[in-house]
S.K.: 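My questions will all concern the structure given below.
Below, chains carry the letters A, B, ... as their sequence lines are ordered, and counting in each starts from 1.
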2 protein chains.
Amino acid sequence: MTTSSMVNLFSLNTSSGIPIYRQLIDQIKQAIRMDLLKPGEQLPSVRNLASALQINPMTISKAFAQLELEGVLIRKRGIGMLVTEQEKGEALTPAIELPLVEFIQNARSENLDDESIMTLVQQYLSIHTKG
Amino acid sequence: MTTSSMVNLFSLNTSSGIPIYRQLIDQIKQAIRMDLLKPGEQLPSVRNLASALQINPMTISKAFAQLELEGVLIRKRGIGMLVTEQEKGEALTPAIELPLVEFIQNARSENLDDESIMTLVQQYLSIHTKG
DNA sequence: CTTAGTGTATCATTATATTAATACACCAAT
DNA sequence: ATTGGTGTATTAATATAATGATACACTAAG
């Protein structure tokens, strides 16, 4: 995908109450999950994005700083931002992995601790018997 | 449990960055999940709690307002606050329950046994650390 | 070295969330 | 009705988070 057409991946809602930088983070992650962004691909520059989305370059930069922390992409001054080469080496299928990751993220965002999460899984394993 | 001994359920950390009212919410929910608080039981009054924990009564009240919204307890002026009669599983939000059920069903359809599923969850809990 | 592209550290501003002070509302028992 | 207990609406103060302006740093190419 060209960097200019990548801009269309983003759809910001400034009145949703969700911070812009968080919307960016989520939408980039989603694009990667959906294979719209592939490892090694270059993202639009902070200024291009900022101009296209009508926001401050620093807001882009901060969002991408977070994504770099999470290992999703790499930033280089003078160069740009690249999607990381991901280890997808695990034998897990997306049908298992995606809902698992989503479950864990949502559970944590509702402040369940790890022990509670494990208990929950146990409960559901006993409820949803194989049939 | 007596309302006075319930105070010991709470352990607030004012320098953790996590808001007090959120710590209260989480600790109450956890106590209910662990059966330390049972349906019908009465909680300490906002003033007792506030005094014991050295915080403002309104902070307690706001935490409990949230819990009432979530159906965890009921507040009555002049009376006090009671733990709701309910089944524990009902407090789960769709954001947690849906991916959990999907995960378990898909894992089973790929012939993972329960032990493997639990191990998987444990692995992902350690990989997808909070943040 | 200059230019024109990249990202960013620092700080100021603005917006939002959290906590607290006060006065009030409700209930049960006297 | 009074007392002494319950929770709370309103508002103000404070703390934290998010955004933005500016000046700067890094890189590749001419």
S.K.: How would you give the extent of chain B contacts on DNA chain D, as first and last nucleotide 5' to 3' within a 4.0 Å heavy-atom cut-off?
M.R.: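 The contacted stretch runs from D:dG5 to D:dT10.
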S.K.: So, does B:E68 use its side chain to make a donor-acceptor pair with the main chain of B:R75 at under 3.5 Å?
M.R.: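 Here the side-chain-to-backbone pair exists.
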S.K.: Taking CG from A:L43 and C1' from C:dG5, how many angstroms apart are they, rounded to a whole number?
M.R.: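 My rounded result for the distance is 16 Å.
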S.K.: How many Å lie between CD on B:Q66 and C1' on C:dA17, as a whole number?
M.R.: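 For the pair B:Q66 CD and C:dA17 C1', the rounded distance is 13 Å.
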S.K.: Reckon B:F64 touches a base, only the sugar-phosphate, or nothing at all at heavy-atom distances under 4.0 Å?
M.R.: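 No contact at all - B:F64 keeps every heavy atom at 4.0 Å or more from the nucleic acid.
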S.K.: Between the side chains of B:D114 and B:S116, is a donor N or O closer than 3.5 angstrom to an acceptor N or O?
M.R.: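 B:S116 and B:D114 do not have a side-chain donor-acceptor pair below 3.5 Å.
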S.K.: Specify the separation, in whole Å, of atom CD1 of B:I25 and atom C1' of C:dA17.
M.R.: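 From B:I25 CD1 to C:dA17 C1': 13 Å.
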S.K.: I need the CD-P distance between B:Q42 and C:dA28, as an integer number of Å.
M.R.: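 For the pair B:Q42 CD and C:dA28 P, the rounded distance is 12 Å.
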S.K.: Within the distance-only criterion (no hydrogens, no angle test), does the side chain of A:Q42 pair as donor or acceptor with the backbone N or O of A:I79 below 3.5 angstrom?
M.R.: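 Pair found, side chain donor or acceptor close to backbone of A:I79.
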S.K.: Can you check whether B:N106's main-chain N or O pairs, donor with acceptor, with B:S109's side chain at less than 3.5 Å?
M.R.: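 Yes; judged by distance alone, with no hydrogens or angles, the pair exists.
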S.K.: Is the closest side-chain donor-acceptor distance between B:E110 and A:T93 under 3.5 Å?
M.R.: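 On atom types as modelled, these side chains qualify, holding a pair under 3.5 Å.
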S.K.: Could you point out which residue of A:I25, A:I32, A:D26 forms a side chain to side chain contact (heavy atoms under 4.5 Å, CB included) with A:I28?
M.R.: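 One option only clears the test, and that one is A:I32.
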S.K.: Using heavy atoms to find the nearest nucleotide of DNA chain D for A:K62 and A:G78 separately, return the residue whose nucleotide is more 5′.
M.R.: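 Its nucleotide being nearer the 5' end, the pick is A:K62.
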S.K.: Start at the 5' end of DNA chain C and walk down; is the nucleotide closest to A:G17 or to A:V46 reached first?
M.R.: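 By nearest-heavy-atom nucleotide position, the 5'-most residue is A:V46.
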S.K.: B:I18 has an atom CD1; how far is it from atom P of C:dA17, in whole Å?
M.R.: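 Going from CD1 in B:I18 over to P in C:dA17 covers 18 Å.
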S.K.: Can you sort out which residues in residues 51-60 of chain A have a heavy atom within less than 4.0 Å of DNA chain D? Ascending by number, please.
M.R.: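 A:I55, A:N56, A:M58, A:T59 - these, ordered by number, are the residues of the stretch whose heavy atoms sit under 4.0 Å from the strand.
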S.K.: Are B:N13 and B:S11 close enough that a side-chain donor and a side-chain acceptor fall under 3.5 Å?
M.R.: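 On atom types as modelled, these side chains do not qualify, holding no pair under 3.5 Å.
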S.K.: Treating A:T119 as the side-chain partner and A:E115 as the backbone partner, does any N or O pair qualify as donor plus acceptor under 3.5 Å?
M.R.: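 Yes, because the side chain of A:T119 sits within donor-acceptor range (under 3.5 Å) of the backbone of A:E115.
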S.K.: Whole angstrom is fine here: how far is it from NZ in A:K76 over to C1' in C:dG7?
M.R.: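 After rounding, the reported distance stands at 13 Å.
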S.K.: Would you say a side-chain N or O of A:S61 is under 4.0 Å from OP1 or OP2 of C:dG7?
M.R.: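 Looking at the OP1 and OP2 atoms of C:dG7, neither is under 4.0 Å from any side-chain N or O of A:S61.
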S.K.: Whole angstroms only, please: what is the CZ-P distance between B:R47 and C:dT22?
M.R.: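 After rounding, the reported distance stands at 14 Å.
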S.K.: Given atom CZ of B:R77 and atom P of C:dA28, what is their separation to the nearest angstrom?
M.R.: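 Atom-to-atom, B:R77 to C:dA28, this comes out as 14 Å.
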S.K.: CG of A:L37 to CD of A:Q30: how many Å apart, nearest 0.5 Å?
M.R.: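 If I round to the nearest 0.5 Å, the distance is 11.0 Å.
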